[in-house]
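These notes are about the structure you will find just below.
Each chain gets a letter, A, B and so on, in the order the sequences are listed, and its residues count up from 1. Computed from a predicted structure; not experimentally measured.
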Amino acid sequence: MTIELRVNGVSHQLDIEEDMPLLWVLRDELGLKGTKFGCGVSACGACTVHVDGEAMRTCTLPVGAVDGADITTIEGLGADQAHPVQIAWIEKQVPQCGYCQSGMIMAVAALLDENPNPTRADLDDTITNICRCGTYQRVRAAVDELSQA
Amino acid sequence: MGKFTRRAFMATGGLVGGGLALGFAFAPNRLTIYTADPDSADAQLNTWVMITPDNKVVVTVPHAEMGQGSQTGLPMMLADELDADWSTVSMVQAPATEIYANSDLARGFVLGDVSLPNSIFRLLDYSLFKLSGMIGVQNTGGSSAVRYTGNMAMRSAGAAAKHMLLQAAATRWGVSASSLTASESVVTHAASNQSATYGELASEAALMEVPLQPTLKSPDQFTLIGTSQPRFDIPSKVDGSAEYGIDVEVPGMLYAAIKHAPVFGSKYQATNLSEVRASRGVMDIVELDGAIAVVADNFWRAKIALDMMELQCIGGDRQSMTSAQIYDRYAEAALSEDGSYDADIGDTAAALAQSDRIVKASYRVPFLAHAAMEPLNCTASVTKDRCDVWVGHQNPLGARAAAAVAAGMDADNVTIHNRMLGGGFGRRTPTDFVTQAVTLSRQVGAPIKLIWSREEDIQHDMYRPAVANHMSAALDADGMPTAWTNSYTNSGQNEPAESPLTQYAIPNQSIKGVDVDSAVPIGAWRSVGHTQHSFFNESFVDELAVEAGIDPYQYRRKLLADMPRHRKVLDVAAQKAGWGEPLPAGRARGIAIEQSFGSIVAEVAEVSVSDDGDVTVHKVTAVIDCGTAVNPDSVVAQIEGGIIYGLTAALYGDIEIADGCVVQTNFPDYPMVTLQQAPDIEVHIINSGEAIGGVGEPGTPPIAPAVTNAIYQITGKRIRNLPISAHDLS
């Protein structure tokens with residue numbers, strides 16, 4: 001089946017199975033490796049991208065369900081690491097191994113779009129991404145800085 | 001490998017692209033083997049440091065980056081000794097070759113052929129007990145990067161390069177080297193008002209004699225070490241450009257998904273192969289040792305084809321094995337009078353017989369999976385005469401050896417392209433997944449990227465060993481221990497050797513391990529033996545304090561009277577955490593301290609338990625004495641991360657066995673601490689100036705006992721088996 005996607009401003013027409021998860025379309029069909037595979041069951045958030053502006057986990061999201069959608073991945077978030085979340089992430093030295101951080105950053109960017117001054121409870125409830133290196137303290141610090149800005 | 005010579009440590013100062021390359025080599029012909037591009041002006045030799053004519057410093061780091069920051073901390077150590085302008089310093093990761101094995105300097109020392117600065121002899125001497133295990137290992141683990149590579153190789157290379165630059169300037173200007181100063185990559189002769197950049201001097205410096213015993217700075221002369229510098233790897237980790245093993249693309253590459261037979265020691269047999277073969281994109285089905293793999297043109301297609309396979313698990317002798325059986329067997333084994341002694345001091349039997357205050361307790365910790373965020377993966381390309389492997393690995397030399405065996409060729413024909421690691425924690429030290437990828441490529445005849453699913457990662461790990469023990473202690477009239485016994489099960493991975501020891505001054509000690517069969521594959525897990533033994537030791541000493549009726553912090557303090565570094569770490573932790581200050585109802589603090597990997601860490605956890613028995617860790621105050629903190633912000637980050645890693649294990653971590661298989665499958669049933677459960681963490685660093693200690697692991701051990709000790713204060717319930725979530729605290 002032919003699927004139409006607009007990814008980071010570029011339109012694609014793809015002849016692929018509609019039940020292929022968007023994650024693998026992005027990674028293996030479009031070569032966008034910044035979005036990560038972590039669990040395959042939408043539990044960890046490493047695969048989070050923006051679908052029509054909303055944060056979504058893509059490892060269980062069939063590409064057929066987002067036919068025609070406008071998708072932003074970590075590669076399209078900000079040129080030259082200039083998105084405010086990216087700047088804060090560097091400033092607070094958030095990443096360690098960094099593998100979960102594409103998803104973490106996309107989730108936080110979507111939250112801040114919707115709620116520029118999240119409380120700690122908002123953050124805890126919304127950002128359920130798993131980071132095995134345990135960078136949570138710095139995620140909080142970076143979001144605090146962003147919400148005061 | 002060539003014999004070490006006196007010049008082995010500092011290879012000749014090579015003239016490379018008009019610059020100075022200073023390194024480490026065994027034989028002259030080795031110098032050009034790994035040149036990245038011989039025609040390039042910046043040709044890369046097997047060197048620790050290269051100074052280019054345009055005044056840039058490039059440092060080669062032999063350790064992998066998995067977020068621990070050693071690819072920044074090590075260049076800092078070199079640049080400090082070099083007095084380089086930090087803004088001109090960059091790093092490259094060393095190829096997997098023996099030249100960069102981090103045992104080499106120490107091995108040379110053992111052979112007596114390498115001349116090293118006197119100031120590091122003591123450190124070497126201290127580390128010799130570990131060397132046999134390190135030989136030939138270019139390992140990233142054991143919190144070793146800064147401790148060994150940094151102190152031995154990086155600082156010496158930086159100091160030697162600086163010496164040669166000063167000699168070059170002295171020769172050029174006809175002045176004495178002692179009349180020169182070096183700072184920010186510039187050599188200055190103040191008397192004649194002359195100066196030159198390192199880049200300008202590099203080609204002349206390369207002709208100077210290499211000092212075999214360069215003078216190292218004393219800690220008060222450090223200008224870069226001890227300052228917080230942004231990590232080199234972070235910018236690429238905020239825009240998706242960092243390339244992990246799983247991101248590698250090789251022309252003509254196919255993808256493989258794998259399923260291991262669930263029962264340990266068994267095999268898989270498939271029945272509907274023709275149906276699977278017909279699935280879109282499927283290219284091949286390959287039987288591996290205890291596993292089966294489907295190869296396709298896309299990972300997802302390989303995965304769904306594998307999922308449609310009808311598989312039968314056959315063979316194996318552990319079909320009925322359960323956690324309860326394993327635990328019973330361990331508890332029984334630990335009762336044995338036999339065992340291998342870690343400490344046998346004084347007469348514990350007599351001390352126990354004389355005391356009328358005996359405390360006894362038995363503890364147990366479960367198997368744990370590593371669950372690094374990046375699922376295990378490896379890409380391999382085997383052709384007629386060579387094998388290329390792209391992988392994020394903690395032990396690239398081990399990976400090369402395993403790949404060579406699987407490819408059926410000499411290790412010299414194998415190249416490991418080490419990539420960023422999406423977490424390691426010890427799981428990326430074994431080579432099982434490398435062997436599988438190479439075997440697949442060899443069999444299929446195409447480059448293969450093998451990716452394990454999360455379920456395979458959880459169910460076929462090399463687990464942190466479960467350990468059970470029995471402890472006893474005798475207290476004197478003041479409540480202080482006169483005897484301490486600990487008999488624990490040892491199924492391997494019981495290292496470092498000091499991990500079972502108590503750090504407290506107790507006159508009679510009997511600490512021994514009883515060998516048991518682990519029943520499941522085991523491996524090193526962040527902080528290795530300290531994860532289990534810190535929980536045992538720091539819980540049991542808390543029980544003694546309770547029995548003695550003495551505050552647990554003060555009790556430890558008394559027992560550490562002759563250990564000033566420990567005592568200071570403990571005191572600062574207690575003070576910063578407000579130990580003894582009132583807390584809201586239902587909240588309490590617990591404390592624990594552990595020395596591991598050359599660093600001492602104390603942690604105070606502030607915990608509450610709800611009426612329903614839900615545990616909340618509100619705040620953790622941690623103090624570390626790692627001798628000298630090279631990059632303090634990275635030290636803080638590692639302690640923060642080590643605490644979260646240990647907290648996940650303490651609260652939830654439990655790999656259970658039923659019917660010979662691991663019960664847990666993925667994050668929903670092997671849960672992790674997320675933002676919601678993550679405490680506020682405050683880290684304080686003590687720069688004692690003692691030998692540099694590791695920081696990647698020492699944050700993990702104390703958190704479990706700190707939390708369970710606090711839970712005891714609140715509930716009166718002593719948690720002797722982890723995880724905490726298995727206990728009803730309502």
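Considering only heavy atoms from C-beta on, A/D19 comes within 4.5 Å of B/W300 through its side chain. Two residues are said to be in side-chain contact when any heavy atoms from C-beta on lie closer than 4.5 Å; B/V238 and A/P95 meet this criterion. Between A/Q137 and B/I644 the shortest side-chain heavy-atom distance does not fall below 4.5 Å. Considering only heavy atoms from C-beta on, B/Q677 stays 4.5 Å or farther from A/D124 through its side chain.
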Quiz prompt | Residues A/R138, B/E640; criterion salt bridge (Lys or Arg N to Asp or Glu O under 4.0 Å); working and verdict | solution = CA-CA 9 Å; A/R138 287 165 189 248; B/E640 290 168 355; 2.8 Å; yes

Self-check item: Steps toward side-chain contact (heavy atoms from CB on, under 4.5 Å) verdict (B/L675, A/L123)
Solution: CA-CA 8 Å; B/L675 269 171; A/L123 190 65; 3.9 Å; yes

Exercise. Give the C-alpha distance, both sets of side-chain angles, the deciding distance and a yes or no for side-chain contact (heavy atoms from CB on, under 4.5 Å) between A/W89 and B/D239.
Key: CA-CA 10 Å; A/W89 247 239; B/D239 65 3; over 6 Å; no

Quiz item: Please walk me through it: do B/E243 and A/K33 pass salt bridge (Lys or Arg N to Asp or Glu O under 4.0 Å)?
Solution: CA-CA 8 Å; B/E243 194 188 42; A/K33 305 290 192 188; over 6 Å; no

Practice problem: Begin with the C-alpha distance, continue with both residues' side-chain angles, and end with the deciding distance and a verdict on side-chain contact (heavy atoms from CB on, under 4.5 Å) for A/I127 and B/Q676. | Solution: CA-CA 9 Å; A/I127 309 299; B/Q676 186 120 50; over 6 Å; no

Practice problem: Show the numbers, then the answer: is there a side-chain contact (heavy atoms from CB on, under 4.5 Å) between B/D247 and A/R27? | Solution: CA-CA 8 Å; B/D247 302 327; A/R27 285 184 59 84; 3.0 Å; yes

Exercise. Apply salt bridge (Lys or Arg N to Asp or Glu O under 4.0 Å) to B/D633 and A/K92, showing your working.
Key: CA-CA 10 Å; B/D633 188 55; A/K92 295 292 178 191; over 6 Å; no

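For A/D80, no part sits under 4.5 Å from any heavy atom of chain B, backbone or side chain. Heavy-atom distances place no part of A/T135 under 4.5 Å from chain B, backbone and side chain included. Within the 4.5 angstrom heavy-atom criterion, atoms from both the backbone and the side chain of A/E17 approach chain B. Residue A/I87: no heavy atom, backbone or side chain, is found under 4.5 Å from chain B. At a 4.5 Å heavy-atom cutoff, the contact between A/Q93 and chain B is made by backbone and side-chain atoms alike. Residue contact with chain B, scored on non-hydrogen atoms closer than 4.5 Å, involves the backbone and the side chain of A/I90 alike.
Most heavy-atom pairs under 4.5 Å with chain B: of the set A/P21, A/G31, A/A43, A/A46, this distinction falls to A/P21. By number of non-hydrogen pairs under 4.5 angstrom with chain B, the leading residue of A/C44, A/A121, A/C39, A/G134 is A/C39.
Within the structure, ring-ring contact (aromatic ring centres under 6.0 Å, His included) contacts touching residues 119-145 of chain A (residues at least two apart or in different chains) do not occur.
In this structure, CZ in B/R526 is found 7.0 Å from SG in A/C133, a value given to the nearest 0.5 Å. To the nearest 0.5 Å, the span separating SG on A/C100 from CE on B/M672 amounts to 12.5 Å.
When all heavy atoms of B/F667 and A/G38 are compared, the closest pair comes out as CE1-O, 4.1 Å. The nearest pair of heavy atoms linking B/M373 to A/Y99 is O-CE2, 3.2 Å.
B/F299 and A/W24 have tilted rings, their planes meeting at an angle from 30° to 60° on a 0 to 90° scale.
Of the possible donor and acceptor atoms, one in the side chain of B/Y244 sits under 3.5 Å from a partner among the backbone N and O of A/C97. The main-chain N or O of A/Q96 is found under 3.5 Å from a side-chain atom of B/K237 such that the two form a donor-acceptor pair. Formation of a donor-acceptor pair under 3.5 Å by the A/R132 side chain with backbone atoms of B/G641 is not found in this model.
Within a 6.0 Å radius of CD in B/E249, other residues, nucleotides and ligands contribute more than 12 heavy atoms. Residue B/M283 qualifies as open at atom CE: its count of foreign heavy atoms under 6.0 Å is 12 or below.
In summary, B/R301 and A/D28 do not engage in a salt bridge, as defined by a charged side-chain N under 4.0 Å from a carboxylate O.
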